[in-house]
Protein chains: 2
Amino acid sequence: MPKRVDHAERRTEIAEALVRVAGHRGLHAVGMRDVAAEAGVSLRLVQYYFETKEKLLLFGLEHLTGKFGERLAARIRAAGDGPGPRAMVEALLMTALPTDEESRVLHHLYTSYAVLAVTDRTLAAQPFIKDPDVAEAALTDILLQAQDADLLQPGVDARLTAAGLLAMSAGLGTSILVGQRSPESATAVLDDHLDRVFRTVDAAS
Amino acid sequence: MPKRVDHAERRTEIAEALVRVAGHRGLHAVGMRDVAAEAGVSLRLVQYYFETKEKLLLFGLEHLTGKFGERLAARIRAAGDGPGPRAMVEALLMTALPTDEESRVLHHLYTSYAVLAVTDRTLAAQPFIKDPDVAEAALTDILLQAQDADLLQPGVDARLTAAGLLAMSAGLGTSILVGQRSPESATAVLDDHLDRVFRTVDAAS
DNA sequence: ACGATGCTGATACGGCCGTATCATCAAAGG
DNA sequence: CCTTTGATGATACGGCCGTATCAGCATCGT
């Protein structure tokens, strides 16, 4: 059996074409023909690898969350060898902010899928809906550790604070996306909030 | 000239039909025919009052922001005659949370429009994009007043805090919408955060 | 009263979109 | 070598959607 090309790779290429075209025309406006053209292949090929549009969109979503995960990992890695809890938390939250073109597209499409998930039960059942839950768990964990190390302000509820931070980060992301706020001001808002969660630990006595 | 019906009223009826159908099938899935059927009128009528679909959608958006404003006003009014700053802030933020069916639809469609606005310059130019800005200004104002009355925790930056609260509220709203979080837990998160902004002023010494 | 005119309804048109069909090509196994 | 099977391309089909067209109706000014 001639298996001249790697299926998985091809699917990824097409998914990236989908992400690209959805990135500037909007997810609602992408058609199979657009994806095929963007990927430089024939319509038939797209059909061949993804029998139906729904499957294509689903795979595109998976691809998206994958890229998001990579981004997050890279950020945490870049936060330093033994990053303090606060740096870790910042890395986590900043990743969700659309600061450059790639993250803009990520956030935009992620939100598009979320909106569709409200009325589409197949999408609603997709794991990306509960991905934030694991993010929340991870963040809660970090905060609890920080609390044990007496790094937090007194009276902070780790669980509620984690949820609040994540929600704020998502909300700020949307604000940036629609051009209502600059990435810098969003960062300032986030930092201000973190100042009220973490103890001020700067070198100055 | 026979002007048997009130144009504005008819347009409102149709817009509400649009909101209803978009509410459960999703904004992307509504067609002129659906709107006409839901409103109990002919397709031609919808065309008559809104020459084009784009204009219908635009008017639907205006209608939506109008309803949202009413809701907000009602909430503030219901907050009491001389509501304390905290009650006022809570009323403001809770309004943005999709707690019942109507607010669910409001939030859902508002987000849908926001996503469309990312790639549609006509929508991006619409005032609803900057409406949150006036909300932020109003909230900042309330916080500043509260600060003057020494009702806030020390070190709170009113502007940044207002922005953060609004973003958090929006983010929590989306979480509720996609079924990731219950309205109750969202309220708990918000309240927890408010506890860290406002001085604890309960009767107990 | 009656015609001009705002209003309403049924139906047709062109286009795009997702999907299906059919034919062809390339390579691996016997 | 040649057949089988995976891979690819060109093209057709049915359906829906936004919009346009055309005919009929109800009402107000005179």
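Naming: A, B, ... by sequence-line order, numbering from 1 per chain.
A salt bridge is defined here as a Lys NZ or Arg NE, NH1 or NH2 lying under 4.0 Å from an Asp or Glu carboxylate O, and A/Arg25 with B/Asp120 fails to meet this definition. Between A/Arg181 and B/Glu136 a salt bridge is recorded (basic side-chain N to carboxylate O distance below 4.0 Å). Between B/Asp191 and B/Arg86 there is a salt bridge, since at least one side-chain N of the basic residue sits less than 4.0 Å from a carboxylate O of the acidic one.
For the pair B/His7 and C/dC7, the criterion of a side-chain N or O lying under 4.0 Å from OP1 or OP2 is met. The shortest distance between the side-chain N/O atoms of A/Thr52 and the OP1/OP2 oxygens of C/dT19 is below 4.0 Å. Look at A/Tyr48 and you'll find a side-chain N or O under 4.0 angstrom from OP1 or OP2 of D/dA7. OP1 or OP2 of C/dT8 lies within a sub-4.0 Å distance of a side-chain N or O belonging to B/Tyr49.
A straight line from CG of A/Asp6 to P of D/dA7 spans 11 Å, rounded to a whole angstrom. Note: CZ (A/Phe50) to P (D/dA7) measures 14 Å, nearest angstrom. Atom-to-atom, CZ of B/Arg11 to P of C/dC7 comes out at 13 Å; the value is rounded to the nearest Å. Across the protein-nucleic acid pair, A/Glu51 atom CD and C/dT19 atom C1' stand 12 Å apart, rounded to whole Å. Here C/dT24 presents its C1' atom at 15 Å from CG of A/Leu45, a figure rounded to the nearest Å. Here the C1' atom of nucleotide D/dT8 and the CD atom of A/Gln47 are 12 Å apart, to the nearest Å.
Using the six-membered ring where Trp is involved, B/His7 and B/Tyr48 have ring planes that are perpendicular, over 60° apart on the 30 and 60° scheme.
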Between protein and nucleotides 12-17 of chain C, what N or O pairs are separated by less than 3.5 Å?
none

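In this structure a side-chain-to-backbone donor-acceptor pair under 3.5 Å is present from B/Tyr110 to B/Phe128.
You won't find any donor-acceptor pair under 3.5 Å spanning the side chain of A/Arg44 and the base of C/dT19, going by distance alone.
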Exercise for the section: Show the numbers, then the answer: is there a salt bridge (Lys or Arg N to Asp or Glu O under 4.0 Å) between B/Asp6 and B/Arg11? Expected result: CA-CA 9 Å; B/Asp6 182 1; B/Arg11 285 169 66 92; over 6 Å; no

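The shortest heavy-atom contact between B/Leu93 and B/Ser169 is O-OG, 3.1 Å.
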